[in-house]
Amino acid sequence: MRVTTTKSKNAESFYITRSYVKSKGVTTSEVVRKLGTLQELSERLGTDRDGVMAWAKEQARIETEKYKSEKESQTVMIPFHQNRMLDYGVQKRFDGGYLFLQHVYYKLGLDKACRKIKARHLYEYDLNAILSDLIYTRILSPDSKRSSYKAVQSFLEPPSYELHDVYRALSILAEEADFIQAEAYKNSRAFGKRNDHILYYDCTNYYFEIEQEEDEKKYGKSKEHRPNPIVQMGLFTDGDGVPLAFSVFPGNANEQTSLKPLETKVVNDFGCEKFVFCSDAGLGSAANRKFNHKGQRAFIVTQSIKKLKKEYKENALNMTGFKRITDGKTVDITKLPETDKDNLFYKEIPYESGNMDQLLIITYSPRYAAYQKQVRSQQIARAEKMIANGTYKKQRKNPNDPARFINKFAATNDGECADIHYELNTEKIEEESRYDGLYAVCTDLLDDSVSDILAVSEGRWQIEACFRIMKTEFSARPVYVRRSERIQAHFLTCFLSLLVYRLLERELHSKYTCDEILSKLKEMDFADVGEQGFMPLYERDKLTDALHDACGFRTDYQFISKSRMKNIQKKSKGRK
């Protein structure tokens, strides 16, 4: 609504008018309220014409808010006919869960990154629309690029591009992958301070439904124990498990060598210079420790006790010198009272390796020791059953195979023909039992508290959870694209999907599980009601309330007009 005035020979009058469109599409206006003449209002308000106009505009704003409130609260009457059939090919059900992901995507500034990329390339399609839809479908309906394009057709906002545009965009996304990661990291501060003084690193691999090697798809040790060619992925997350950067490398490459190039990119492109690097023993090689033992960087890595040099191993396995983590008091591990069964104990051993002074922390958990003993007793029972039934097979490479406890030997009475016999390897069993409950961590943080160091190391579960989400919920494997640049783009969208999900999880204050959040987003459908608007088809609960509160818009009304839904879509993109 707006203020209009009319002038006559003797007076100037002020009105509030509203413009609207008639049923035939003609725009007209009507007087909502007559405010009075200039003379009347000047005398009543005690001001001049400018003051009267300012007051009139405020009255127009009040009338506008009143009109909107009355319009939103009014009952909507939509006629339905029992004898009228549905029209062919008219979609009535739409997916709306992506709106909450859209809020995170635009707050992350990925649309701005796409605009910057556009300035460097020649293409006609909407890269922002393609990238955003690839992320939404990877989270809500993970599948091939073709199937994802089909899934987008059911969104409240249909795609403005064709399928062939998606495949062309993959090449651009691959070329700009480093830039997109750097922009995403920089803009992620909009969600709060990043816990980037701790960086976790780990690797996994993904298989392809092909039989022969090609390009970076090489035969390697698959996490799923599949015979197919694989590629490997290295991932950095911050201390809260929010993705930071990733890289893709050939399936037959040593994963330890993947760290330095990606970490160099994090330091140079992201500006992260002061942090503690944390990884498992497989990635904590001497070279990687040395790489993080300079500048303002430090490391905390797990250490295999079995691979320690003899003197350090014997010291680690010596059950004396342990202290209780809660109070630092020395205890006798062999005589722990029942009240100490749930406690954690440690001892510190100065450790020198690779010309670096390090600290080796050995921890002992009675609860973990009891668990390992129970598992091994079950494996021993299975080994005994193998011997009794004669079902022993050649020991496989699995370190938990019960057959590792079986000894094979030959016995003969006359010295000519030896019979093969099997028996339990008691020495093997006794040797493994020495490691029950023990765990080792190595670090160059010589002055930090042991409890703080162990807390950082225990946080590695978060990056493992990231890989689980990508592989299970986001179905990142098997990989259906074949060309190198499209593989890179595929994992970029998987990485960005994980980032968007983790940030949404953070907006919800980590109160809900991954399964709860994703299941709810997938349920948030809407029905097109008489082409007048939409009706939510999902069940409102505390999680839907939390999603709406976090994203700043609401879709949980009994009815949402088409114009109001457009405003909701604008709000989800951070627009007014």
Side-chain angles (χ1 to χ4, degrees), residues 72 76 78 86 89-108 110-111 126 128-143 147-161 473-475 493 496-497 499-508 511-576:
E72 290 176 356
V76 179
I78 301 175
L86 292 171
V90 177
Q91 184 176 345
K92 289 294 183 180
R93 192 184 188 100
F94 295 87
D95 298 333
Y98 78 94
L99 291 170
F100 303 93
L101 303 174
Q102 188 164 261
H103 162 77
V104 179
Y105 177 91
Y106 278 85
K107 189 174 179 179
L108 195 56
L110 292 175
D111 60 318
D126 188 342
N128 176 56
I130 293 173
L131 177 59
S132 58
D133 285 347
L134 285 174
I135 291 173
Y136 306 154
T137 53
R138 178 56 52 185
I139 296 173
L140 299 176
S141 182
D143 209 326
S147 297
S148 296
Y149 177 73
K150 185 178 180 180
V152 174
Q153 311 296 325
S154 65
F155 282 6
L156 288 164
E157 300 165 275
S160 58
Y161 52 87
E473 275 74 16
F474 296 173
S475 301
T493 58
L496 292 175
S497 300
L499 176 59
V500 167
Y501 165 74
R502 282 295 203 190
L503 290 174
L504 177 61
E505 193 176 59
R506 181 170 174 167
E507 293 282 86
L508 297 172
K511 291 182 178 179
Y512 301 93
T513 66
C514 180
D515 182 64
E516 289 173 334
I517 295 172
L518 296 183
S519 296
K520 183 57 65 177
L521 292 176
K522 294 174 183 179
E523 293 171 4
M524 300 187 80
D525 293 344
F526 297 84
D528 187 340
V529 183
E531 296 185 358
Q532 300 299 311
F534 300 92
M535 182 177 70
L537 300 178
Y538 60 87
E539 178 182 341
R540 181 188 174 192
D541 55 24
K542 290 183 178 179
L543 176 51
T544 61
D545 283 349
L547 284 166
H548 288 111
D549 292 341
C551 297
F553 59 83
R554 302 205 74 87
T555 65
D556 48 1
Y557 296 104
Q558 293 180 359
F559 179 81
I560 305 171
S561 66
K562 294 257 175 146
S563 60
R564 190 172 186 179
M565 182 59 82
K566 288 182 178 178
N567 287 331
I568 290 172
Q569 293 165 0
K570 288 180 180 179
K571 283 186 178 181
S572 71
K573 297 176 181 178
R575 302 169 186 169
K576 295 183 180 180

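Sequence positions, counted from 1, serve as the residue numbers for this chain.
- Side chain of Gln153 to backbone of Tyr149: a donor-acceptor contact under 3.5 angstrom is found.
- For the residue pair Asp133 and Tyr161, a side-chain donor N or O sits within less than 3.5 Å of a side-chain acceptor on the partner.
- For the 3.5 Å distance criterion, the side chains of Tyr538 and Thr555 qualify, holding a donor opposite an acceptor.
- Taking Asp549 as the reference, Arg554 meet the side chain to side chain donor-acceptor pair (under 3.5 Å) condition, with sequence neighbours excluded.
- Atom-to-atom distance recorded for Leu156:CG and Ile568:CD1 is 9.0 Å, nearest 0.5 angstrom.
- Here the side chains of Leu499 and Ile135 are not in contact, with every heavy-atom distance at 4.5 Å or above.
- Here the straight-line distance linking atom OG of Ser141 with atom NZ of Lys150 works out to 10.5 Å at 0.5 Å rounding.
- Among all heavy-atom pairs drawn from His103 and Ala550, the shortest one is NE2-O, 3.6 Å.
- Side-chain contact between Ser572 and Tyr106 is absent, with no heavy atoms from C-beta onward closer than 4.5 Å.
- For the atom pair CG (Leu508) and CG (Leu543), the distance works out to 6.5 Å, reported to the nearest 0.5 Å.
- Cys514 has its side chain within reach of Tyr501: a pair of non-hydrogen atoms, C-beta onward, lies under 4.5 Å apart.
- Residues Asp95 and Val152 form no side-chain contact, since every pair of their non-hydrogen atoms from C-beta on lies 4.5 Å or further apart.
- You'll find the side chain of Phe553 reaches within 4.5 Å of the side chain of Phe100, heavy atoms only.
- Checking each of Lys520, Arg540, Lys511 against Asp545 for a salt bridge (charged side-chain N to carboxylate O under 4.0 Å, His left out) leaves exactly one that passes, namely Arg540.
- No side-chain donor-acceptor contact under 3.5 Å links Thr544 and Asp556.
- Salt-bridge check for Lys573 with Glu157: passed, with a basic side-chain N closer than 4.0 Å to an acidic carboxylate O.
- The CG atom of Leu521 sits 10.0 Å away from atom CG of Leu99, with the distance rounded to the nearest 0.5 Å.
- Side-chain contact check for Tyr136 versus Gln102: some heavy-atom pair is nearer than 4.5 Å.
- By the 4.5 Å heavy-atom criterion applied to side chains, Phe559 and Gln532 are counted as neighbours.
- Here the OG-CG distance, from Ser497 to Leu134, works out to 8.0 Å after rounding to the nearest 0.5 Å.
- In this structure, the separation between NZ on Lys522 and CG on Leu140 is 7.0 Å, given to the nearest 0.5 Å.
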Criterion side chain to side chain contact (heavy atoms under 4.5 Å, CB included) on Gln91 and Ser154, from CA distance to verdict: CA-CA 8 Å; Gln91 184 176 345; Ser154 65; 3.6 Å; yes
Evaluate the criterion side chain to side chain contact (heavy atoms under 4.5 Å, CB included) for residue pair Glu507 and Lys107; output intermediate values, then yes/no. CA-CA 12 Å; Glu507 293 282 86; Lys107 189 174 179 179; 3.4 Å; yes
Asn128 vs Tyr105, side chain to side chain contact (heavy atoms under 4.5 Å, CB included): CA-CA, chis, key distance, verdict: CA-CA 10 Å; Asn128 176 56; Tyr105 177 91; 2.7 Å; yes
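- Ring centers of Phe155 and Tyr98: under 6.0 Å apart, within the cut-off.
- Shown here are the side chain to side chain donor-acceptor pair (under 3.5 Å) partners of Asp111, two or more places apart in sequence or in another chain: there are none.
- Of the possible polar contacts, none joining the Ser519 side chain to the Glu516 backbone as a donor-acceptor pair under 3.5 Å is found.
- Side-chain atoms of Phe474 and Leu518, non-hydrogen and from C-beta on, do get closer than 4.5 Å to each other.
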Yes or no on side chain to side chain contact (heavy atoms under 4.5 Å, CB included) for Asp143 and Thr137, after CA distance, side-chain angles and deciding distance? CA-CA 8 Å; Asp143 209 326; Thr137 53; over 6 Å; no
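- The pair Lys562-Asp528 counts as a salt bridge, with a side-chain nitrogen and a carboxylate oxygen less than 4.0 angstrom apart.
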